[in-house]
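A short write-up of the structure that comes next.
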Protein chains: 2
Amino acid sequence: MPRELAHPDITAVTLDAVLAALADPIRREIVTQLAQGHHDQACIAFELPVSKSTSTHHFRVLREAGLITQRYEGTSILNALRCDDMDARFPGLLDAVIDAESSDRGRATTTP
Amino acid sequence: MPRELAHPDITAVTLDAVLAALADPIRREIVTQLAQGHHDQACIAFELPVSKSTSTHHFRVLREAGLITQRYEGTSILNALRCDDMDARFPGLLDAVIDAESSDRGRATTTP
DNA sequence: TTCGTTGTACGACTTTCTTCGTTGTACGGT
DNA sequence: ACCGTACAACGAAGAAAGTCGTACAACGAA
């Protein structure tokens, strides 16, 4: 079978799923890297502080929430943000979160 | 003891806490009602589909995340959105979520 | 003072999420 | 054909979150 992953139609994307997906710091890290021009990069290219299984899980959550697309390229998967779709569905939301994430870097996360 | 509730300084507010707070539909319901002019309304005025204990819990999460202020007025508590603070900390984020919540009403939440 | 209202605090239960290891599959290269 | 890479699918263990009931404290009114 030619491997392909299911992506939700943008009209079926819920705010609940999007916010739940963005509530996790690791998933926001992925989104941030994708927003910084790391489009079409394999999952392994993101250096995340978790195991490979967990990494796969997070990418899956982002995809099922409608935030990213994933398509096969050989054995790898190329990831991309669904910027246009998200902006059509929830205008300004994704940009606001990405901006917030940038300005939140180096600040209190666990209150040191 | 004169009852008063602790509110985080806006500089100490984290994106993590804010998004985690907004990820719950009941808490978004509260935020939406506050945004629709229900400022300074007691907790009991929000008709939520949960018990009193749970309601208290959700208001507490919102307050500790920095999204709302709570001040006593007799036995009641008056709630208000920290619009200005939030917009200073994470510009556009709160508005985007409120707008998204409005446009998400009446749409697929559990996909019927 | 006594009572009802409003909300907090605590503990317990249930569900969900995060994380991981293991196993299996498609693809590319040798 | 064989092997290594990159990822998915599955199941399990632990942590975290939502929910509730009961008990308690502050305030206002009768």
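Chain A is the first sequence line, chain B the second, and so forth, proteins listed ahead of strands; every chain is numbered from 1. Fair warning: this is a prediction, and the values are worked out from it, not measured in the lab.
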Side chains of [X] and [Y]: does their closest heavy-atom pair fall under 4.5 Å?
X: Ile68(A); Y: Gln70(A); value: yes
X: Arg28(B); Y: Asp16(A); value: yes
X: Ile30(B); Y: Asp24(B); value: no

Paired nucleotide for [N] [Watson-Crick or G-U wobble; both distances under 3.5 Å]:
N: dT30(C); answer: dA1(D)
N: dA29(D); answer: dT2(C)
N: dC13(C); answer: dG18(D)

Shared hydrophobic cluster for Leu19(B) and Met86(B) (ILVMFWY, side-chain gaps under 4.5 Å)
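Per the 4.5 Å side-chain linkage, Leu19(B) and Met86(B) are co-clustered.
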Using the side-chain heavy atoms of Ser53(B), tell me which of these nucleotides is nearest: dA8(D), dC20(D), dA6(D).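 Between dA8(D), dC20(D), dA6(D), the one nearest the side chain of Ser53(B) would be dC20(D).
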**Prompt:** Where the side chain of Arg27(B) is concerned, which of dG7(C), dC20(D), dG18(D) is the nearest nucleotide?
**Reply:**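 Nearest to the side chain of Arg27(B) among the choices is dG18(D).
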Atom-to-atom span, [atom1] of [X] to [atom2] of [N] - whole angstrom:
X: Ile77(A); N: dC7(D); atom1: CD1; atom2: C1'; result: 6 Å
X: Asp24(A); N: dA17(D); atom1: CG; atom2: P; result: 11 Å
X: Leu5(A); N: dT25(C); atom1: CG; atom2: P; result: 17 Å
X: Asp16(A); N: dC17(C); atom1: CG; atom2: C1'; result: 14 Å
X: Leu48(B); N: dG18(D); atom1: CG; atom2: P; result: 14 Å
X: Tyr72(A); N: dT5(D); atom1: OH; atom2: P; result: 17 Å
X: Lys52(A); N: dA6(D); atom1: NZ; atom2: C1'; result: 6 Å
X: Leu22(B); N: dG18(D); atom1: CG; atom2: P; result: 12 Å

Short side-chain N/O contact to dT19(C) OP1/OP2 from Thr54(A), under 4.0 Å: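 Answer no for this pair, as no side-chain N or O of Thr54(A) is under 4.0 Å from OP1 or OP2.
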With a 4.0 Å limit, can you tell me whether Thr75(B) has a side-chain N or O closer than that to the phosphate oxygens OP1/OP2 of dT6(C)?
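No.
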Exercise for the section: Determine the contact category for Ala42(B): base if any of its heavy atoms lies under 4.0 Å from a base atom, sugar-phosphate if only primed atoms, P, OP1 or OP2 are that close, otherwise nothing. Expected result: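 Sugar-phosphate, backbone atoms only, no base.
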Kindly state which residues belonging to residues 57-71 of chain B come within less than 4.0 angstrom of DNA chain C, counting heavy atoms of the residue only, listed by number.
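Correct list: Arg60(B).
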Distance (rounded to the nearest 0.5 Å) between Leu34(B) CG and Glu29(B) CD |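 That separation rounds to 10.0 Å.
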Q) Can you name the one residue among Leu93(A), Asp95(A), Asp99(A) that meets side chain to side chain contact (heavy atoms under 4.5 Å, CB included) with Val97(A)? A)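 It is Leu93(A), the one option of Leu93(A), Asp95(A), Asp99(A) that forms the side chain to side chain contact (heavy atoms under 4.5 Å, CB included) with Val97(A).
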Start at the 5' end of DNA chain C and walk down; is the nucleotide closest to Ala45(B) or to Glu73(A) reached first?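 Here Ala45(B) is the residue nearer the 5' end.
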message: Would you say Thr11(B) and Asp9(B) are linked by a side-chain donor-acceptor pair, where the criterion is simply a distance under 3.5 Å?
response: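 On atom types as modelled, these side chains qualify, holding a pair under 3.5 Å.
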Ser51(A) and Thr54(A): side-chain donor and acceptor closer than 3.5 Å?
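Judged by distance alone, the side chains do pair up.
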*asked:* When you measure only distances, ignoring hydrogens and angles, does the side chain of Thr56(B) come within 3.5 Å of the base of dG7(C) through a donor and an acceptor?
replied: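 Looking at the base of dG7(C), it does not pair with any donor or acceptor on the side chain of Thr56(B) (distance under 3.5 Å).
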